[in-house]
Amino acid sequence: MASKLTSREADYSKWYNDLVVQADLAQHSDVKGCMVIKPYGFAIWERMKDVLDEMFKETGHVNAYFPLFIPKSYFSKEASHVEGFAKECAVVTHYRLMNDPDGNGVVVDPTAKLEEELIVRPTSETIIWNTYKDWIQSYRDLPLLINQWANVVRWEMRTRFFLRTSEFLWQEGHTAHETSEEAVEEARRMLEVYADFAEQWMAMPVLKGVKSINERFAGAVDTYCIEAMMQDGKALQAGTSHFLGQNFAKAFDVKFATRDGGQEHVWATSWGVSTRLMGALIMTHSDDAGLVLPPKLAPIEVVLVPIYKGPEQMGEIVAALKGIAAELKAAGVRVKLDDDDSKRSGWKFAEYELKGVPVRLAMGPRDMAGGTIEIARRDTQTKTVESAKGIVERVKELLEEIQANLLSRAAERTTSTTRTADTWEEFLAALDAGGFVSAHWDGTPETEEWIKQQTKATIRCIPLDAPEEVGTCIKTGAPSCCRVIFARAY
RNA sequence: CGGGGCGUGGCCUAGUCCGGUUACGGCGCCUGGUUUGGGACCAGGAGAUCGCAGGUUCGAAUCCUGCCGCCCCGACCA
């Protein structure tokens, strides 16, 4: 724990990896591409999960759980869906092990071959729509608004802590509707939920938009997304919400009796966010001293550290801090009093900075004598000595101030690195500078692909609030009706 | 799949080129003591199939062959 972080400037990627490990968020497991999420990291994810779950319920959704395994044949039912996921599926082919006849541990029992292979879900549309077929008969069964919290597996070639791991945790909402309009409205509603969560809780500004055809979810009619800008100038897709049209209903033959007695295929959406949000959170706020957490998601909002000489002084100061901790807790603040006598205060200061605790209160003999307390804030790395009286109110104010400061700081960074480009040269320069680039595009997949090949930049989204603006494509010069957002991305 | 790197107590690491007593050191851990306003110090202690399997040799962490695993950079990524 005593080692120093690599600085962002020296090696951003190494900084990120060091930070994840040193802040005790996660570690690599021995399984390729898979990580162990450690208790502190998981506590942050649990906060996200709890808040999102509440938001889903407030918008009328309920939770359910579907199988981890999906029969292979289900995948072939929706053509573009299987095409999108086929290359990264883990497949279960056998169900039994046996002792190796040669005495080398266990081997797969060749006689225990499954008649039909099972796919470890990379996403659950197919198994869920196969189930919805039985649940939906009439318009009275609609809308069906279900979410599940689950793990999924995508066999990625290259992985990165939280941003892309072979197995990850997420939620996936799957809804069924009577009309196309309703389904679109649902997809848009959930996009708003995600955007709210990102901004209000993660203090992370996001761009709301719709994906181009190239970037669209396999099997969707439209993919809405929120895109965030990281400190190194690369974009991160933070959440997606898909309008699936009738694609899955047709693939799984899910029809309902309409109000006028007809039969129609159901309209669908799906939407999800994952542990990738952890990566987004880390890369949005953290600095060279470690993690920086927005108070609303911090497992510990305030840590109290006693400074003392000898057991007598310790008893006195810890008692005083216990009182403050109890008051803070009663006021709804998540608080930890670290009275571990085996660690010195200086060690604790460094440790909680590394772990991103928003506010640290320290009290020593000088404070006891003068009725003061030291308040240190993580976001600005500043500290002040203030009266211990009214500390609860002061801390609550400060937490709000930090939450707001993190959002405005991130928003400022995102805005200042968003550039417009009207020529190919400007476009290249803007990309190299990092950040979002707003530019005209002729609307064809071919041009987007060409730009991607040349620059590694993709269209992150076509912003929902993009004003109509006539222009010409930066590549082909063909007419364009509005600007889209390009960036290099994770 | 291409390129690079690594594999030695829980973690980091020296030693490998050029084979030779008991495998260096640090962090952490245990015991005792002194300390405590920014990652303390002293003393003692425990902890190792040197990734795996063969081979060469009187002798292998070190040389040879094969294999396995992980990380990083690319390719890939709804």
Side-chain angles (χ1 to χ4, degrees), chain A residues 1-6 11-14 16-18 21-22 24 27-35 75 78 80-89 104-105 122-125 152 154-161 163-166 168 170 172 211-220 222-225 236-237 239-242 244 247 270-272 274 276 289-290 305-314 317 339-355 360-370 372-374 376 381 383 385 452-453 456 458 489-490:
Chain A
M1 213 57 43
S3 49
K4 233 185 132 184
L5 278 179
T6 305
D11 186 341
Y12 191 82
S13 176
K14 192 164 194 305
Y16 177 79
N17 283 324
D18 284 359
V21 172
Q22 289 186 36
D24 222 16
Q27 67 180 57
H28 287 293
S29 75
D30 286 346
V31 184
K32 183 179 168 62
C34 295
M35 62 177 177
F75 265 87
E78 214 291 332
S80 62
H81 189 66
V82 67
E83 195 187 319
F85 284 103
K87 284 177 285 183
E88 51 187 30
C89 284
N104 298 317
T123 180
S124 301
E125 275 78 4
V152 288
R154 296 180 188 181
W155 215 262
E156 302 287 356
M157 291 180 186
R158 196 152 129 54
T159 56
R160 258 158 101 49
F161 279 132
L163 299 175
R164 179 169 291 112
T165 47
S166 296
F168 57 93
W170 78 345
E172 46 182 328
K211 287 289 188 189
S212 64
I213 295 168
N214 289 10
E215 299 284 318
R216 186 183 286 162
F217 175 75
D222 264 321
T223 288
Y224 299 97
C225 63
L236 183 74
Q237 176 178 296
T240 48
S241 181
H242 316 291
L244 302 173
N247 292 349
S270 69
W271 28 274
S274 70
R276 177 177 247 208
V305 178
I307 300 163
Y308 54 86
K309 293 179 189 171
E312 200 173 308
Q313 219 174 53
M314 177 185 171
I317 294 168
D339 59 355
D340 180 354
D341 192 32
S342 69
K343 299 278 192 292
R344 292 157 54 102
S345 48
W347 189 91
K348 292 175 187 174
F349 295 166
E351 178 70 6
Y352 291 110
E353 273 162 25
L354 186 57
K355 289 191 162 183
R360 181 183 73 234
L361 300 178
M363 190 179 259
R366 289 206 300 263
D367 298 300
M368 287 298 278
T372 58
I373 194 161
E374 183 185 271
Q381 300 234 62
K383 54 187 182 184
V385 175
K452 183 180 175 183
Q453 293 303 323
K456 291 183 182 165
T458 49
Y490 278 98

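First the proteins, then the strands, lettered A, B, ... as listed; each starts at 1.
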Legend entry - Pair A/Glu374-A/Thr372, side-chain donor/acceptor within less than 3.5 Å: no
Inset, instruction - May I ask you to say what A/Gln237 touches in the nucleic acid, namely base, sugar-phosphate or nothing, with a heavy-atom cut-off under 4.0 Å? - result: base
Inset, instruction - Evaluate the side-chain proximity of A/Lys309 to A/Pro365: yes if any heavy-atom separation is below 4.5 Å, no if none is. - result: no
Legend entry - Minimum side-chain heavy-atom gap A/Glu125-A/His81 below 4.5 Å: yes
Inset, instruction - Could you tell me the separation between the CZ atom of A/Arg160 and the C1' atom of B/C76, rounded to a whole number of Å? - result: 15 Å
Legend entry - Between B/A75 (C1') and A/Lys452 (NZ): distance, integer Å: 11 Å
Legend entry - A/Ser13 side-chain proximity, nearest of B/G38, B/C77, B/C72: B/C72
Inset, instruction - With the side chain of A/Glu353 defined as its heavy atoms from C-beta on, choose the nearest nucleotide among B/C71, B/G38, B/G74. - result: B/G38
Legend entry - Mate of B/U62 where both pairing distances stay under 3.5 Å, Watson-Crick or G-U: none
Inset, instruction - Nearest whole angstrom, please: distance from the C1' of B/C76 to the CD of A/Glu83. - result: 15 Å
Inset, instruction - Evaluate the side-chain proximity of A/Leu354 to A/Leu5: yes if any heavy-atom separation is below 4.5 Å, no if none is. - result: yes
Legend entry - Pairwise C1' distance for B/G38 and B/C42, with rounding to whole Å: 22 Å
Legend entry - Base-pairing mate for B/U34 - Watson-Crick or G-U, with both contacts under 3.5 Å: B/A40
Inset, instruction - Could you measure between the two C1' atoms, the one in B/G15 and the one in B/A61, and give it in whole Å? - result: 8 Å
Legend entry - Side-chain-base donor-acceptor pair under 3.5 Å for A/Lys383 and B/G38: yes
Inset, instruction - Classify the nucleic acid contact of A/Ala350 as base, sugar-phosphate or nothing, counting any heavy atom under 4.0 Å across all strands shown. - result: base
Inset, instruction - Starting from P on B/C70, measure out to CG on A/Asn17 and report it in whole angstrom. - result: 16 Å
Legend entry - Inter-nucleotide P distance (B/U16, B/G51), Å rounded: 15 Å
Legend entry - Protein-nucleotide distance (A/Leu163, atom CG; B/C72, atom C1'), rounded to Å: 15 Å
Inset, instruction - Can you sort out the partners of A/Lys456 under salt bridge (Lys or Arg N to Asp or Glu O under 4.0 Å), two or more places apart, ordered by chain and number? - result: none
Inset, instruction - Rounded to whole angstrom, note down the C1' distance from B/C24 over to B/U8. - result: 11 Å
Inset, instruction - Mark yes or no for whether A/Glu172, through its side chain, and A/Ser124, through its backbone, hold a donor-acceptor pair below 3.5 Å. - result: yes
Legend entry - Contact state string [nucleotides 31-37 of chain B, B base, S sugar-phosphate only, - no protein heavy atom under 4.0 Å]: ----BBB
Inset, instruction - Mind checking A/His81 for me? I need base, sugar-phosphate or nothing, with any heavy atom below 4.0 Å counting as a touch. - result: nothing
Legend entry - Any-strand Watson-Crick or G-U partner of B/A23, both distances under 3.5 Å: none
Legend entry - Pairing partner of B/G7 (Watson-Crick or G-U wobble, both distances under 3.5 Å): B/C68
Inset, instruction - Could you check which nucleotide pairs with B/G2 in any of the strands shown, counting Watson-Crick or G-U wobble with both distances under 3.5 Å? - result: B/C73
Legend entry - Any A/Thr159 side-chain heavy atom under 4.5 Å of A/Phe168 side chain: no
Inset, instruction - For B/G7 and B/A14, measure between their C1' atoms and round to the nearest Å. - result: 15 Å
Legend entry - Residue pair A/Ser13 / A/Asp11, side-chain donor-acceptor N/O under 3.5 Å: no
Legend entry - Between B/G59 and B/U21 - P atom distance, rounded Å: 15 Å
Could you list the protein-to-nucleotides 1-10 of chain B atom pairs, N/O on both sides, closer than 3.5 Å?
none

Inset, instruction - Take atom P in B/A60 and the same atom in B/G20, then report the distance between them in whole Å. - result: 11 Å
Inset, instruction - Go through the side-chain N and O atoms of A/Tyr308 and A/Asp339 and say whether any donor and acceptor fall under 3.5 Å apart. - result: no
Legend entry - Interatomic distance, A/Tyr16 OH vs B/C71 C1' [rounded to whole Å]: 15 Å
Legend entry - Test: A/Arg360 cationic atom under 6.0 Å from A/Phe349 six-membered ring centre, within 45° of axis: yes
Inset, instruction - Measure from CE on A/Met35 to P on B/C72 and round the result to the nearest Å. - result: 13 Å
Inset, instruction - Take atom OH of A/Tyr490 and atom C1' of B/A75, then tell me their distance rounded to the nearest Å. - result: 18 Å
Legend entry - Paired nucleotide for B/C29 [Watson-Crick or G-U wobble; both distances under 3.5 Å]: B/G45
Inset, instruction - Using the C1' atom on both, measure B/C11 against B/G47 and round to a whole Å. - result: 13 Å
